[in-house]
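Beneath this line is the structure, given in structure tokens, with notes to follow.
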Number of protein chains: 2
Amino acid sequence: MTSTPSNLQNETLDVEECTCFNLRKATRTVTQLFDDAMQPTGIRATQFTLLAAISSTGTVAIRQLSQILVMDRTTLTRNLKPLETRRLIKIVPGEDRRTRTLTLTDKGRKTLEKSLPFWRKAQAEVIERLTPKRWRDLLKQLDSTVKILGD
Amino acid sequence: MTSTPSNLQNETLDVEECTCFNLRKATRTVTQLFDDAMQPTGIRATQFTLLAAISSTGTVAIRQLSQILVMDRTTLTRNLKPLETRRLIKIVPGEDRRTRTLTLTDKGRKTLEKSLPFWRKAQAEVIERLTPKRWRDLLKQLDSTVKILGD
DNA sequence: ATATTTTAAGTGTATATGCTCATATTATGA
DNA sequence: TCATAATATGAGCATATACACTTAAAATAT
């Protein structure tokens, strides 16, 4: 009986189908596209999302926003830092003094408004290149994934 | 004629459909699931991917691997650091002395082998919870996305 | 054969992500 | 009311990501 060689090789082929790896790969690709498109605005795609979220919620606490964005609270806190440093947002204690509430500054609002066309352009380009059907399918799959695997 | 109020509110609703944001959100969710499942192995999902890739390619240069993984070269360099520190991989100059080639150490091979069942379990859980059909659709969409938007 | 160009890689800087632990404040229960 | 539990946050630590710039080595062109 010949000893079976380590089947490491065969196993690792499966790894090309790793859900995590493929998601991260696609995220790298798309984030680079968006960051590149947003470059003239001075803010990144991630930062744009935060400004837009704060704009649409109005005043909101950190924990609250982290739940809306399905983002770790401490990650959000860190991500807010560069926005606060550049005075795009204001962070002040809430009525419940455990909380800190977020609001856009005038500068933040202006930055968001100026950035919107660039975001829209990037988004439109992605939809066009993927085709609307594929894009809708992608978003649908991503949404299912978060809903089903979240928590 | 009534003046239209700032349509910032309406605009930002679209942002919930931001391709970049939704990808990042799903990636956060899935990465947390994988990292959690891999926790007993002492390596993270991202690191597992690197070990598996090096194992399947055999000796490989950094640039080469970065292209295989569709990953920025400098990102790969940084990601290799903790693996090298823990002596899971060896980085040595290649024949072309501009290059540095990567190989698994014995410890790296052992770590990869021990990690495989945990990765498989996480992957199986994801496929089961999403259902195989949805999972295949997701992977297909991610692959299209990278192929179409890459470069 | 040497000057020029191309290619591979490392480093500085900045952001993004999330776990663990510590602290402050509010809510609750005896 | 006062001790305890629950909640909101920040900070330390480690990794992940990528642009711009620099350096070294190989390829090429004259």
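Convention: sequence-line order gives letters A, B, ...; per-chain numbering from 1.
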Checklist entry - Rounded to the nearest Å, what distance is computed from the CG atom of residue A:Leu83 to the C1' atom of nucleotide C:dA16? => result 12 Å
Item to check | D:dT17 OP1/OP2 closer than 4.0 Å to side-chain N/O of A:Arg44 | outcome: no
Next on the checklist: Of the options C:dA9, C:dA16, D:dA16, whose atoms approach the side-chain atoms of A:Thr46 most closely?
Outcome noted: C:dA16
Item to check | For A:Arg78, all residues meeting salt bridge (Lys or Arg N to Asp or Glu O under 4.0 Å), sequence neighbours excluded | outcome: none
Checklist outcome for this item: Whichever of A:Ala45 and B:Thr77 has the more 5' nearest nucleotide on DNA chain C, that residue is B:Thr77
Checklist entry - Roughly how far apart are B:Thr46 OG1 and B:Leu69 CG, rounded to 0.5 Å? => result 11.0 Å
Checklist entry - Should A:Leu142 and B:Ile127 be counted in the same cluster of Ile, Leu, Val, Met, Phe, Trp and Tyr side chains packed under 4.5 Å apart? => result yes
Next on the checklist: Nearest whole Å is fine: how far is C:dC19 P from B:Arg28 CZ?
Outcome noted: 12 Å
Checklist entry - Start at the 5' end of DNA chain D and walk down; is the nucleotide closest to A:Thr101 or to A:Thr31 reached first? => result A:Thr101
Item to check | Side-chain donor/acceptor of A:Arg98 to base of C:dA27, under 3.5 Å | outcome: no
Checklist entry - Considering residues at least two apart in sequence or located in another chain, which fulfil the side chain to side chain donor-acceptor pair (under 3.5 Å) criterion with A:Arg136? => result none
Next on the checklist: Heavy-atom count check: over 12 atoms from other residues, nucleotides or ligands less than 6.0 Å from A:Lys107 NZ?
Outcome noted: yes
Checklist outcome for this item: From CZ of A:Arg78 across to P of D:dG12 the rounded distance in Å is 8 Å
Next on the checklist: With a 4.0 Å limit, can you tell me whether B:Asn79 has a side-chain N or O closer than that to the phosphate oxygens OP1/OP2 of D:dT15?
Outcome noted: no
Item to check | Spacing between A:Gln32 atom CD and C:dA16 atom C1', to the nearest angstrom | outcome: 14 Å
Next on the checklist: Name the residue from A:Phe118, A:Phe34, A:Trp119 that meets the ring-ring contact (aromatic ring centres under 6.0 Å, His included) definition with A:Phe48.
Outcome noted: A:Trp119
Checklist entry - Whole Å only: how far is the CG atom of B:Asp96 from the P atom of D:dA25? => result 10 Å
Next on the checklist: salt bridge (charged side-chain N to carboxylate O under 4.0 Å, His left out) for B:Arg134 and B:Asp137? Distances and angles first, verdict last.
Outcome noted: CA-CA 5 Å; B:Arg134 245 198 299 262; B:Asp137 282 353; over 6 Å; no
Item to check | For atom CD1 of B:Ile91 and atom C1' of C:dA9, their distance in whole Å | outcome: 11 Å
Item to check | Residues touching DNA chain C, which here means a heavy atom under 4.0 Å, drawn from residues 65-76 of chain A | outcome: A:Met71, A:Asp72, A:Thr74, A:Thr75
Item to check | Atom-to-atom span, CD1 of B:Ile62 to P of C:dT7 - whole angstrom | outcome: 18 Å
Item to check | Whole-Å distance separating the CE atom of B:Met38 from the C1' atom of C:dG18 | outcome: 17 Å
Checklist entry - Closest to the A:Arg100 side chain: D:dA16, C:dT17, D:dT9? => result D:dT9
Item to check | Residue A:Arg97, side-chain heavy atoms: nucleotide from C:dT25, C:dA9, D:dT9 that is nearest | outcome: C:dT25
